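To keep things clear, I will list the structure first and then write my remarks on it.
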Number of protein chains: 2
Amino acid sequence: MGVTKTEIFTEAQNEIATLAKAFAHPARVAILHHLFKSNTCICGDLVDEIGLAQATISQHLKELKTIGIIKGNIEGTSVCYCIDTENWTRIKNTITAFLDNHPTNINCC
Amino acid sequence: MGVTKTEIFTEAQNEIATLAKAFAHPARVAILHHLFKSNTCICGDLVDEIGLAQATISQHLKELKTIGIIKGNIEGTSVCYCIDTENWTRIKNTITAFLDNHPTNINCC
DNA sequence: TTAATTAATCGTAATATTGCAATAAATAAA
DNA sequence: TTTATTTATTGCAATATTACGATTAATTAA
């Protein structure tokens, strides 16, 4: 009832779902877009650039960090966030492998 | 409060989020995995193969169909679902483009 | 030390998602 | 037509997510 039955799915299936969840909110996509743009990392400017409250942005950053997509370095009073390049590559490969799973020249219906 | 503020994000950001949402639940990933395996399409066997109620599977299929990842053909009393190859490619390209956005040789923190 | 700045956390409210039993709808078979 | 089969829909209940104000924690500057 309302709870995802993680145990009935394979590791791979749960992993894809977890990774996809990271990109499943436009605010998190926007955060990543901003991190792409400035290859030196931005910090709390994200709050100004994206129109969400500081608490909300912080929450989204935490989720991205938990999944391992970004990492944060404390610099004085502010925190510098940036893409975790190694993990990004790993995640990209996982998702790409999944998306490449389907032969694109078959149409059964 | 509690509502995603779609209007403050770009079209592209919202699209990525919408597409990612399709893959953000293991049941939907499992459904797609099953559709990959049998390149002739499966129908209600999904209910037996995945351990979820018929209503739940039907709901997930509907979501995948709404996003355009799969399509269904009525065949007698049953429905034959399969990957929408054209859309799959389009979705794959969109996500891949996003994932390729980040230069993997930069590490700012 | 005190004030200012910045980010994380807490508490709460609202909406979204997930799951299923029950039912409806549609087709096939008898 | 009646019955079986299969899928979609409806109507809940429970959990998850999103968002933000208020507060806390940590560091810097004065």
Side-chain angles (χ1 to χ4, degrees), chain A residues 1-9 13-14 16-31 34-35 41-67 70-82 109, chain B residues 1-9 13-14 16-31 34-35 41-67 70-82 109:
Chain A
M1 300 149 184
V3 201
T4 299
K5 295 186 162 177
T6 314
E7 68 281 359
I8 69 172
F9 304 108
Q13 285 160 356
N14 283 313
I16 294 281
T18 302
L19 296 181
K21 218 169 280 181
F23 307 114
H25 194 285
R28 291 192 287 275
V29 176
I31 288 173
H34 281 293
L35 293 181
C41 48
I42 335 172
C43 329
D45 327 273
L46 287 165
V47 178
D48 302 321
E49 297 193 36
I50 304 169
L52 291 172
Q54 183 266 321
T56 309
I57 295 289
S58 188
Q59 200 176 324
H60 283 300
L61 285 169
K62 192 183 176 186
E63 284 174 68
L64 289 172
K65 208 169 136 191
T66 301
I67 292 172
I70 65 172
K71 53 185 176 179
N73 262 21
I74 299 169
E75 288 186 358
T77 58
S78 60
V79 176
C80 168
Y81 279 105
C82 60
C109 298
Chain B
M1 298 156 184
V3 201
T4 299
K5 295 185 163 177
T6 314
E7 68 281 1
I8 68 172
F9 304 108
Q13 286 160 355
N14 284 313
I16 293 281
T18 302
L19 296 180
K21 217 168 279 180
F23 306 114
H25 193 285
R28 291 192 286 275
V29 176
I31 288 173
H34 281 294
L35 293 183
C41 49
I42 336 172
C43 330
D45 327 273
L46 287 166
V47 178
D48 303 320
E49 297 193 37
I50 305 170
L52 291 173
Q54 183 266 320
T56 310
I57 296 288
S58 187
Q59 199 178 323
H60 284 300
L61 285 168
K62 192 182 175 184
E63 283 174 67
L64 289 171
K65 208 168 134 191
T66 301
I67 292 172
I70 65 172
K71 52 184 176 179
N73 261 23
I74 298 169
E75 288 186 358
T77 58
S78 59
V79 176
C80 168
Y81 279 105
C82 61
C109 297

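All values reported here derive from a predicted model rather than from experimental measurement. First the proteins, then the strands, lettered A, B, ... as listed; each starts at 1.
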Contact list (N/O, under 3.5 angstrom) for nucleotides 23-30 of chain D vs protein:
none

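- Side-chain atoms of A:R28 do not come within 3.5 Å of backbone N or O of A:H60 as any donor-acceptor pair.
- Atom CD1 of A:I8 is surrounded by more than 12 heavy atoms from other residues, nucleotides or ligands within 6.0 Å.
- With DNA chain C read from its 5' end, the first of the two nearest nucleotides for B:L52 and A:T56 is the one closest to A:T56.
- Side-chain N/O atoms of B:Y81 include one lying less than 4.0 angstrom from OP1 or OP2 on D:dA8.
- Per the geometry, CG belonging to A:L61 stands 14 Å off C1' belonging to C:dT9, to the nearest Å.
- Applying the 4.0 Å criterion to OP1 and OP2 of D:dT18, one finds that B:T4 has every side-chain N and O outside that range.
- Distance CD (A:Q59) to C1' (C:dC10): 11 Å, rounded to an integer number of Å.
- For the pair B:A17 and A:V29, the tightest heavy-atom approach, listed with the atom from each and the gap, is N-CG2, 4.3 Å.
- B:A53 comes within 4.0 angstrom of the backbone, heavy atoms only, and of no base.
- Checked against C:dT18, C:dA16, C:dC20, the side chain of B:V3 finds its nearest nucleotide in C:dA16.
- For the pair A:V79/A:L61, no side-chain contact is recorded, criterion being any heavy-atom separation below 4.5 Å from C-beta on.
- The CD1 atom of B:I57 sits 13 Å away from the P atom of C:dA21 (whole-angstrom rounding).
- Considering every non-hydrogen atom in both B:P26 and A:T4, the closest pair reads CG-CG2, 3.7 Å.
- When each of B:S78 and B:F9 is assigned the nucleotide of DNA chain D bearing its nearest heavy atom, the one mapping closer to the 5' terminus is B:S78.
- DNA chain D is contacted by no residue of residues 21-31 of chain B, taking any non-hydrogen atom closer than 4.0 Å.
- Within the model, atoms OG1 of B:T18 and NE2 of A:H25 stand 10.5 Å from one another, a figure rounded to the nearest 0.5 Å.
- Separating the CG atom in A:L64 from the NZ atom in A:K62 is a distance of 12.5 Å, to the nearest 0.5 Å.
- Nearest heavy-atom pair, B:Y81 versus B:L35, reported as atom, atom and distance to 0.1 Å: O-CD2, 3.4 Å.
- Of the side-chain N and O atoms in A:H60, one or more sit less than 4.0 angstrom from OP1 or OP2 of D:dA19.
- Taking side-chain N and O atoms only, B:K62 has no distance below 4.0 Å to OP1 or OP2 of D:dT7.
- Taking atom NZ on A:K5 and atom C1' on D:dA16, their separation rounds to 17 Å, with Å as the unit.
- Considering all non-hydrogen atoms of both residues, B:L52 and A:F9 come closest at CD1-CZ, 4.0 Å.
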